[in-house]
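One structure is given here, and the rest of the page talks about it.
Each chain gets a letter, A, B and so on, in the order the sequences are listed, and its residues count up from 1. These numbers were taken from a predicted model, which means no experiment stands behind them. Every heavy atom of this structure was used, including side-chain atoms; hydrogens, water molecules and symmetry mates were not.
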Protein chains: 2
Amino acid sequence: MKKSNTYYITENDQPLDEYLSFGLSVDCIVFGYHKGEIRVLLVERDAAPFKGDWALIGDLVNPQSDLSDSANHVLERLTGLKDIFLEQFFTFGSIRRHPVGRVVTVGYYSLLKSKDYHPIASSWAKSTKWFSINELPELAFDHSEILKKGIETLKTKVRYHPVGFELLPSKFTLLELQDLYEALLGYTFDKPNFRKKILSMDLLIPLNEVQENVSHRPAKLFKFDEQRYTQLRKEGFSFEF
Amino acid sequence: MKKSNTYYITENDQPLDEYLSFGLSVDCIVFGYHKGEIRVLLVERDAAPFKGDWALIGDLVNPQSDLSDSANHVLERLTGLKDIFLEQFFTFGSIRRHPVGRVVTVGYYSLLKSKDYHPIASSWAKSTKWFSINELPELAFDHSEILKKGIETLKTKVRYHPVGFELLPSKFTLLELQDLYEALLGYTFDKPNFRKKILSMDLLIPLNEVQENVSHRPAKLFKFDEQRYTQLRKEGFSFEF
DNA sequence: ATCGATAGGTGCATTTTGAGCATAACTCAT
DNA sequence: ATGAGTTATGCTCAAAATGCACCTATCGAT
């Protein structure tokens, strides 16, 4: 990457290199839901600093990697979880938030059905564990603050954005979708009406596939119609629950 | 700031300093509203790169400054505007988004009544100008993309946060409010029903004042009840349009 | 005093939405 | 074939939002 010291530094006469001295990291909040409870996947640190403490799934970003790719790479490296949809929610940039230098961190979150995923600790992660968001330990760095902001964001955002769809497995049943929304919003829906409302939004593509290996009538599978959603948004449609 | 090379670099054996080589910048989108039109304040660059092009109000962050403070500093340095509330909305981190090196930028936006503020270009800004969001020039760097995302964010947010009131003068008529919402949301409302809905929210304080110097029946003036809004939010009220 | 223009408001018919309940259809295990 | 367990769908009734017609108020201009 070209570095030109002729670039206009506006505030004072410091050389450009003084300005290119930030560290960048990503921190992923992996939300899981299971039996009506929202949980968070944390990792136990096996390296200094904060060795032995619980932390979010995060690490420094390699200067050769795209920011948006890094979150997925870090998640896979530490837990083995692949192809998880991650959404950026906030960037934390206090001066002294990281002991090693000036490190700015970008927060991401994802949401998944925890029983379908089996994280395996690797790299500097000694172990992983799901914690109920009501019984959280003290976290390394400023991760408690980051997590708090992430939880807030998720709970407000879920009412107005179809995060629920985007974060489910690509093929899902309507009841799975309903369970997710009930877990997130904290109240239940009438099944026929939930179905009616969701389908009338015209955001789901019915697949010619059904559940397999279930000991009852298999449910039809659907997928989220991303294109249709962006289309409808342009026309002024607003998702609401 | 302490820099320790004993810090655990997880991916490979590169020294820590290789990871502390990012630049960080902020870019501010200043939205204004005037006569039924939503506008954005842009600055003309008087320095390389992109000299002569229009750009968002942004600059590199000094490694000794807090991220959240920097946005305000930059806004004041380039335009003279002080004490503007800025809200962070997204962080852009593509590898090649900045010609000078790996610079990650954090996007902020603010809302203000454009006729009440008088920006004055300084530092590397040659001039400032309000642009209608429907007639935007091509911008420097990836600022067009940033602005697009910011406009999207504003348009989404306006549905469930009373941000609109910040764009209006502190005393406004109901029709001015309606015009603003129509501009932001892109469709029209029925006048009687708009009034009914907004007044039933109980968020406006009617003033004992009316419009002046109009050649027709003067409209009553209202102001937004900030206290009442924070009160209602605590009770679980959610603003919706 | 009257008119044009725009603000402020009432009332009602119509449409849309949501809650609750009932029931049909389908699949597997026995 | 039957019944348990689910999925899938239909219906009613009430409440809320919408669309529209129409009436009145207050200003400046003539």
Side-chain angles (χ1 to χ4, degrees), chain A residues 35-36 113 115 158-160 162 164-165 168-169 171-223 232 235-241, chain B residues 35-36 158-160 168-169 171-183 185-224 232 236-241:
Chain A
K35 291 178 185 166
K113 300 178 68 168
K115 70 168 175 137
V158 84
R159 284 181 55 99
Y160 310 99
F165 301 82
L168 277 174
K171 301 171 183 181
F172 52 86
T173 73
L174 293 184
L175 203 57
E176 285 172 343
L177 184 64
Q178 181 173 352
D179 284 346
L180 168 61
Y181 270 89
E182 291 182 351
L184 284 171
L185 296 175
Y187 52 85
T188 61
F189 296 91
D190 178 75
K191 208 169 18 167
N193 291 330
F194 181 87
R195 188 190 167 73
K196 210 190 308 177
K197 178 165 183 172
I198 278 295
L199 290 178
S200 72
M201 287 181 187
D202 213 11
L203 286 174
L204 298 186
I205 301 173
L207 302 170
N208 288 328
E209 290 179 70
V210 293
Q211 277 181 318
E212 281 175 18
N213 299 320
V214 285
S215 68
H216 55 73
R217 174 177 177 179
K220 276 182 198 156
L221 292 171
F222 292 82
K223 71 174 187 186
L232 285 172
E235 296 167 10
F237 165 81
S238 103
F239 181 89
E240 248 171 56
F241 248 99
Chain B
K35 289 181 185 164
V158 83
R159 294 172 190 281
Y160 54 94
L168 288 171
K171 301 170 182 180
F172 52 86
T173 74
L174 293 185
L175 205 57
E176 284 171 343
L177 183 63
Q178 181 173 351
D179 284 347
L180 169 59
Y181 269 88
E182 290 181 350
L185 296 176
Y187 53 85
T188 61
F189 295 91
D190 177 75
K191 198 162 46 159
N193 290 331
F194 182 87
R195 306 172 91 83
K196 214 187 303 176
K197 179 165 183 172
I198 205 75
L199 290 176
S200 73
M201 287 180 187
D202 213 12
L203 287 173
L204 299 185
I205 301 172
L207 302 170
N208 287 327
E209 290 179 69
V210 293
Q211 275 182 319
E212 279 173 21
N213 300 321
V214 285
S215 69
H216 54 73
R217 174 178 176 179
K220 278 182 197 159
L221 293 170
F222 292 82
K223 72 174 187 185
F224 183 64
L232 285 173
F237 165 81
S238 94
F239 182 89
E240 248 171 57
F241 244 99

Rounding to 0.5 Å, atoms CG (Leu174(A)) and CZ (Phe222(A)) come to a distance of 4.0 Å
What are the 5'-most and 3'-most nucleotides of DNA chain C lying under 4.0 Å from any heavy atom of chain A? dG18(C) to dC28(C)
If you look at every strand shown and take non-hydrogen atoms under 4.0 Å, does Leu174(B) touch a base, only sugar-phosphate, or nothing? nothing
Taking the nucleotide of DNA chain D with the nearest heavy atom to each, does Asp190(A) or Ser215(A) sit closer to the 5' end? Ser215(A)
Atom CG of Asn193(A) and atom P of dA8(D) are separated, to the nearest Å, by 16 Å
Does anything in residues 205-214 of chain B come within less than 4.0 Å of DNA chain C? Heavy atoms only, and list the residues if so. none
Separation of Phe172(A) atom CZ from dT7(D) atom C1', in whole Å? 16 Å
May I ask you to say what Arg195(A) touches in the nucleic acid, namely base, sugar-phosphate or nothing, with a heavy-atom cut-off under 4.0 Å? base
note: His216(B), atom NE2; dT24(D), atom C1'; distance rounded to Å ~ 16 Å
Does Pro218(B) reach a base, just sugar-phosphate, or nothing at all? Heavy atoms under 4.0 Å. sugar-phosphate
Over 12 foreign heavy atoms within 6.0 Å of NZ, Lys220(B): no
Using whole Å, what does the distance between atom P of nucleotide dT7(D) and atom CZ of Arg217(A) come to? 9 Å
Could you check whether Lys197(A) gets within reach of a base, just the sugar-phosphate, or nothing at all, counting any heavy atom under 4.0 Å? sugar-phosphate
Taking 4.0 Å as the cut-off, does a side-chain nitrogen or oxygen of Lys220(A) come that near to OP1 or OP2 on dT7(D)? no
Report the relative orientation of the aromatic rings in Tyr181(A) and Phe239(A); use parallel for angles under 30°, tilted for 30 to 60°, perpendicular for over 60°. tilted
Take the protein atom CZ of Phe194(A) and the nucleotide atom C1' of dT9(D), then report the distance between them rounded to whole Å. 16 Å
Keeping to residues at least two apart or across chains, list the side-chain hydrogen bond (donor to acceptor under 3.5 Å, both in side chains) pairs with something in residues 205-216 of chain B. Lys171(B)-Glu209(B)
Whole Å only: how far is the CD atom of Glu240(B) from the C1' atom of dA17(D)? 13 Å
